[in-house]
Amino acid sequence: MAPTMTSPSGITNFVINKGNGVKGLSEMGLKSLPKQYIQPLEERISTASFGIKNSEESVPIIDMSNWDDPKVAEAICRAAEKWGFFQLVNHGVPIEVLENVKEATHRFFELPAEEKSKNSKERSRSNNVRFGTSFSPQAEKALEWKDYLSLFYVTEDEASALWPPACKDEVLEYMKKSEILIKRLLEMLMKRLNVKEIDQEKEGLLMGSMRINLNYYPICPNPELTVGVGRHSDVSTLTVLLQDQIGGLYVRGGTDKKSWIHVPPVKGSLVINIGDALQIMSNGRYKSIEHRVAANGSNNRISVPIFVNPRPSDLISPLPEVLANGEKAVYKQVLYSDYVKHFFRKAHDGKSTIEFAKI
């Protein structure tokens, strides 16, 4: 049953408790945005606030056809230092696998609310499978215009048993096919930090756990008043993002580091960004950059990020190889699970999470 538009609790019940998500609101053909979604002025994404629309500055696009060319590693490390974001083409993950996971994402979100909400926090059979909306509704003053399915990968057997049948095969295939790329990227980035070899212990620290999100941003009645995702940086080592052709991802950058720069969809590409864990491990050499997603008034948008993380029980701090030449540590040692809890305990608030690890 439709919520009363005058009642905030009616909308909360419809969106969150009944599992309709913002997709359910969007499909009711609302003429105006419910007030819970209206962001404060300074958080809204208006084209006026993006001073770089026609600028030549843009997130680097790197061709990986020849992985062994030192120029490729150089371009990746430079982009990680300057931008914290880059796009990869000819990355080795088959286009068919990318298309399949995009279709599977649409298929999951087309399911009836009752079916999707079997994976909600209250009803899911596992903490590793979570269907939800916004980011952290209990901590947010204004909600974000997004629904998501979040899948924490433990083993293939667990994923096969617990992940939703509408998308699990395609998501698992995407994760498997991305693993070679992830390892290759980490090798290149580590080499620049004087880590000669990624042994088993280092591999666990860099990519010992993975989470994949299927994000759905439905058409929004007043996109200029809200956001798809608020300003934040990721807590991962690396994030590998597949976006569709709609666009809407903006990253903080430019010469002044204050402008918001659009990351235009490039067919067949993957967007890579450095997360806080790698910023800490590199002692600030690689940058984990603020980014956000705009809401859209005319198209539904999806994106599928893989978050490549340390294990929850890992202690993260600047790597000894980085400090070997006498460089002073900027970050203290923190338990990764504490860092992640700190991130999820609050609303999206830019880059403030990293302060938790600063000396």
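Sequence positions, counted from 1, serve as the residue numbers for this chain.
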I'd like to know whether C167 forms a side-chain contact (heavy atoms from CB on, under 4.5 Å) with T105, so could you lay out the CA-CA distance, the side-chain angles of the two residues, the decisive distance to 0.1 Å, and finally the verdict. CA-CA 7 Å; C167 58; T105 301; over 6 Å; no
CA sep, side-chain torsions, deciding dist, call: V293, K146, side-chain contact (heavy atoms from CB on, under 4.5 Å): CA-CA 10 Å; V293 175; K146 177 189 90 167; over 6 Å; no
Pair E99, K102 - check salt bridge (charged side-chain N to carboxylate O under 4.0 Å, His left out), show working. CA-CA 5 Å; E99 292 305 318; K102 285 194 275 193; 3.3 Å; yes
side-chain contact (heavy atoms from CB on, under 4.5 Å) assessment of R130 paired with F152: CA-CA 9 Å; R130 180 70 44 85; F152 185 78; over 6 Å; no
Could you walk me through whether E81 and R285 pass the side-chain contact (heavy atoms from CB on, under 4.5 Å) check? CA-CA 6 Å; E81 289 167 355; R285 182 160 186 176; 2.9 Å; yes
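Between I354 and Y331, the closest side-chain pair of non-hydrogen atoms falls below 4.5 Å. Between V308 and S236 there is no side-chain heavy-atom pair separated by less than 4.5 Å. You'll find the side chain of Y217 reaches within 4.5 Å of the side chain of S303, heavy atoms only. Residues K116 and F108 meet the side-chain proximity criterion, which asks for heavy atoms closer than 4.5 Å. For the pair P310 and M281, the minimum side-chain heavy-atom distance is below 4.5 Å. Contact of the V129 side chain with the L151 side chain is registered, since non-hydrogen atoms from C-beta on lie closer than 4.5 Å. Taking the side chain as every heavy atom from C-beta outward, I182 and M207 approach each other to under 4.5 Å. For the pair E115 and F131, the minimum side-chain heavy-atom distance is 4.5 Å or more.
Counted within 6.0 Å of CG on L335, heavy atoms from surrounding residues, nucleotides or ligands total more than 12; the atom is thus considered enclosed. Counting heavy-atom neighbours within 6.0 Å of N127 CG, excluding the residue itself, gives a total of 12 or less.
Contact record, G21 with D147: CA-OD1, 3.3 Å, taken as the closest heavy-atom pair. Smallest separation of non-hydrogen atoms from I289 and G84: CG1-CA, 3.9 Å. Nearest approach of I359 to K332, heavy atoms of both residues: CG1-N, 3.4 Å. Looking at every heavy atom in both residues, D234 comes nearest to S288 through O-OG, 3.6 Å. When all heavy atoms are compared, the tightest approach of D314 to L205 is OD2-CA, 3.6 Å. Taking all atoms of both residues into account, the shortest heavy-atom contact from W67 to M188 is O-CE, 3.7 Å.
By the criterion of side-chain heavy atoms lying less than 4.5 angstrom apart, applied directly or through intervening Ile, Leu, Val, Met, Phe, Trp or Tyr residues, I219 is not grouped with L214; the two fall into different hydrophobic clusters. At a threshold of 4.5 Å between side-chain heavy atoms, the hydrophobic network of Ile, Leu, Val, Met, Phe, Trp and Tyr places M64 and V97 in one connected group. Following chains of ILVMFWY side-chain contacts shorter than 4.5 Å, one cannot reach V304 starting from V89, and the two form parts of different hydrophobic clusters. Follow the hydrophobic side-chain contacts under 4.5 Å out from F307 and you never reach Y339; the two are in separate clusters. By the criterion of side-chain heavy atoms lying less than 4.5 angstrom apart, applied directly or through intervening Ile, Leu, Val, Met, Phe, Trp or Tyr residues, I246 is not grouped with Y216; the two fall into different hydrophobic clusters.
Between Y250 and H262, the ring planes are tilted. Angles from 30° to 60° get that label. Below 30°, between 30° and 60°, or above 60°: for H232 and H291 the angle between ring planes is between 30° and 60°, a tilted geometry. Note on ring orientation: taking the six-membered ring where Trp is involved, the planes of W145 and Y37 are perpendicular (angle over 60°, cut-offs 30° and 60°).
Checked against S233 for a side chain to side chain donor-acceptor pair (under 3.5 Å), the options N273, T239, D276 give a single hit: D276. Evaluated for a side-chain contact (heavy atoms from CB on, under 4.5 Å) with H91, the options V240, I272, L185, L181 yield exactly one hit, L181.
Residue Q243 holds its CD atom at 10.0 Å from CG of L270, rounded to the nearest 0.5 Å. Considering NE2 of H106 and CD1 of I302, their distance stands at 4.0 Å, rounded to 0.5 Å. Taking CG of L33 as the reference point, atom SG of C220 lies at 5.0 Å (rounded to 0.5 Å). Atoms SG and CG, on C77 and L189 in that order, are 5.0 Å from each other to the nearest 0.5 Å. A distance of 13.5 Å separates CE in M190 from CD in E197, rounded to the nearest 0.5 Å. With rounding to the nearest 0.5 angstrom, the CG atom of L225 is 5.5 Å from the CD1 atom of I38.
With hydrogens and angles ignored, the 3.5 Å screen pairs a side-chain donor or acceptor of R301 with a backbone N or O of G247. Within the 3.5 Å criterion, the main-chain N or O of G230 finds a donor-acceptor partner in the side chain of E144. Although no hydrogens or angles enter the test, the distance criterion places no donor-acceptor pair under 3.5 Å between the side chain of T226 and the main chain of P223. No donor-acceptor pair under 3.5 Å is formed between the side chain of S26 and the backbone N or O of V22. The main-chain N or O of E327 is found under 3.5 Å from a side-chain atom of N325 such that the two form a donor-acceptor pair.
Remark: the N128 side chain and the E158 side chain contain an N/O donor-acceptor pair separated by less than 3.5 Å. For the residue pair N119 / S124, no side-chain donor-acceptor distance below 3.5 Å is found, with atom types taken as modelled.
Using a 4.0 Å cut-off between charged side-chain N and carboxylate O, K23 and E27 make a salt bridge. Under the 4.0 Å criterion applied to side-chain N and carboxylate O atoms, E110 and R107 are not assigned as salt-bridge partners. With respect to the salt-bridge test (charged N to carboxylate O, under 4.0 angstrom), the residues D63 and K71 do not qualify. With salt bridges taken as basic N to acidic carboxylate O contacts below 4.0 Å, none links K183 and E187. Note on K202 versus E321: salt bridge recorded, some NZ/NE/NH1/NH2 to OD/OE distance being below 4.0 Å.
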